[in-house]
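This report concerns only the one structure given below.
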Protein chains: 2
Amino acid sequence: MVNSQLGTEEKILEAAKKVFHRKGYEGARMQEIADEAGINKALLHYYFRSKEKLFEAVFEDALSGIMRLVSTIFFSDKPLKDKIQSFLCSYLNIITENSYIPWFIINGIYERPEQIKAIFDKQDINPLQLMKLLKSQVRKEYGVDINPFQIWLNVLSLSVFPVIAKPLVREIFRLSEETYNQLMEERKELVPELIINALKAYEKGEN
Amino acid sequence: MVNSQLGTEEKILEAAKKVFHRKGYEGARMQEIADEAGINKALLHYYFRSKEKLFEAVFEDALSGIMRLVSTIFFSDKPLKDKIQSFLCSYLNIITENSYIPWFIINGIYERPEQIKAIFDKQDINPLQLMKLLKSQVRKEYGVDINPFQIWLNVLSLSVFPVIAKPLVREIFRLSEETYNQLMEERKELVPELIINALKAYEKGEN
DNA sequence: ATAAAGTTTAACCAAGTGATCAAAAATACA
DNA sequence: TGTATTTTTGATCACTTGGTTAAACTTTAT
């Protein structure tokens with residue numbers, strides 16, 4: 001149940017987040033959202049015309065959260081290794097409290113490709129700035145010219161996949177929640193080292 | 001539409017794969033599977049009692065596919081780098097024709113945790129053998145003692161994430177299908193190097 | 001106080017869902 | 001050939017879904 005001090009609209013949004021994050025669009029039920037918010041189902045349509053619109057609000061919220069984190073960290077003035085370290089640390093910390101969000105975002109484009117594409121179009125995200133920054137920073141700090149897309153995809157893969165695949169990996173390896181979290185803690189150091197070591201190896205290989 | 005030469009049961013299974021892989025459990029419609037198989041909807045229940053059972057057959061099929069690939073490659077007698085290279089190459093090649101399977105598997109445990117857990121329990125998968133092998137091979141070839149789970153998670157992350165996040169990444173970076181596939185081709189070399197370079201760096205660090 | 005506007009509710013609706021079943025069609029068997 | 005068995009079909013069921021509506025309640029403003 002959601003905090004009853006909030007206004008109706010906020011209660012709905014919080015409840016919708018809770019349900020959509022865990023169930024996705026198709027799996028979520030308007031009735032469940034209403035129950036979670038402690039209000040009548042018709043109010044969902046009064047404040048947000050349709051399930052689609054409500055979902056859109058929830059998705060945009062999740063998206064803006066991760067975008068803000070990336071921007072804040074990677075457009076700061078720090079060595080690359082520190083940025084990657086900060087990102088991993090912040091990301092994993094945030095995720096421990098909202099562990100379904102990464103799945104929710106990726107699942108979105110599988111469930112509702114057109115809607116999600118429209119959201120991306122509306123928000124005109126520009127990853128090229130980030131790529132440019134990454135490329136120049138790598139060149140400056142490690143003296144090598146590497147496709148920044150691949151570096152970025154590596155960082156994202158090593159950060160996000162272990163979170164998304166957590167339920168599956170835990171089941172296969174029979175790991176407790178605690179054990180898995182401990183392994184994630186280790187990765188806060190391990191992953192930045194992995195990326196940086198690769199860059200250093202390129203550095204030596206080119207000289 | 002599915003190959004009409006097959007027997008009814010095979011037609012159903014092929015059609016069910018097609019639909020479940022793309023839509024997941026909740027998104028899939030029995031009617032759509034029947035249409036895809038070119039048969040009457042009641043036959044689905046005649047051959048597979050329920051949607052749940054049909055889904056189970058499809059999931060087990062997908063799971064056994066990836067398990068077989070991993071076993072074949074990693075229990076072979078090759079240097080670690082070759083194994084990783086083989087895995088990436090085979091995996092990415094297989095995936096180009098069934099690009100929805102990785103997400104289907106990961107999504108399964110989000111949609112139907114109890115059922116998927118039961119499937120895993122039934123098939124008693126033993127990842128410890130693989131971990132043991134990995135650990136000893138890394139010690140032999142690089143003279144370092146590293147938690148093989150982390151290495152394995154890195155290989156998986158770098159291989160699987162770019163596939164499951166493909167629709168999202170393509171949208172964000174506005175990449176054509178072709179361009180993205182080209183980048184995946186590059187990764188067949190890039191990822192093994194990344195992992196191996198990290199191991200070499202540990203090797204030097206320990207000496 | 002009272003009317004107007006905004007908010008909330010219970011009851012209801014049409015559409016779509018997985019599932020069932022009796023009858024028809026096809027096949028196997030004597 | 002004729003009968004029993006298996007396979008296939010169309011019709012239908014019970015149920016859930018997102019969404020609507022008219023009436024009731026609450027707040028605001030004069």
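Please read all numbers here as calculations on a predicted model, not as lab measurements.
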Check: When every nucleotide of nucleotides 14-26 of chain C is labelled 5' to 3' by its protein contacts under 4.0 Å (heavy atoms), B for base, S for sugar-phosphate only, - for none, what sequence of letters results?
Finding: ---SBBBB-----

Next item on the list: With a 4.0 Å heavy-atom cut-off, tell me which residues in residues 10-24 of chain B come close to DNA chain C, sorted by residue number.
Entry: none

Checklist line | Listed partners of B:Ser176 passing side chain to side chain donor-acceptor pair (under 3.5 Å), at least two apart | finding: B:Thr179

Next item on the list: State which residues pass side chain to side chain donor-acceptor pair (under 3.5 Å) with B:Glu60; sequence neighbours excluded, sorted by chain then number.
Entry: B:Lys122

Side-chain polar contacts of residues 41-53 of chain B - donor-acceptor pairs under 3.5 angstrom, sequence neighbours left out - could you list them?
unit_1	atom_1	unit_2	atom_2	d
B:Ser50	OG	B:Lys53	N	3.2
B:Lys51	NZ	B:Tyr25	O	2.9
B:Lys51	NZ	B:Ala28	O	2.9

Note to self: Tell me which pairs pass salt bridge (charged side-chain N to carboxylate O under 4.0 Å, His left out) where either residue lies in residues 76-101 of chain A, with sequence neighbours left out.
What the structure shows: none

Item checked: Residues that B:Glu189 engages under side chain to side chain donor-acceptor pair (under 3.5 Å), provided they are two or more places apart -> B:Gln85

Notebook entry, point to check: Are OP1 or OP2 of C:dT8 and a side-chain N or O of A:Thr8 less than 4.0 angstrom apart?
Noted result: yes

Notebook entry, point to check: Do you see a donor-acceptor pair shorter than 3.5 Å between the side chains of A:Gln31 and A:Asp35?
Noted result: yes

Check: Listed by chain and number, what are the ring-ring contact (aromatic ring centres under 6.0 Å, His included) partners of A:Phe161, not counting sequence neighbours?
Finding: none

Notebook entry, point to check: With sequence neighbours left out, what residues match B:Asn154 under side chain to side chain donor-acceptor pair (under 3.5 Å)?
Noted result: A:Arg187

Next item on the list: Classify the nucleic acid contact of A:Phe48 as base, sugar-phosphate or nothing, counting any heavy atom under 4.0 Å across all strands shown.
Entry: nothing

Next item on the list: Hey, could you give me each pair passing salt bridge (charged side-chain N to carboxylate O under 4.0 Å, His left out) that has a residue in residues 126-139 of chain B? Not counting sequence neighbours.
Entry: B:Lys135-B:Asp145, B:Arg139-B:Asp145

Check: Does A:Tyr142 have any ring-ring contact (aromatic ring centres under 6.0 Å, His included) partners at least two apart in sequence or in another chain, and if so, which?
Finding: none

Item checked: Positional range of nucleotides in DNA chain D within the contact set of chain B, heavy-atom, under 4.0 Å -> D:dT6 to D:dG10

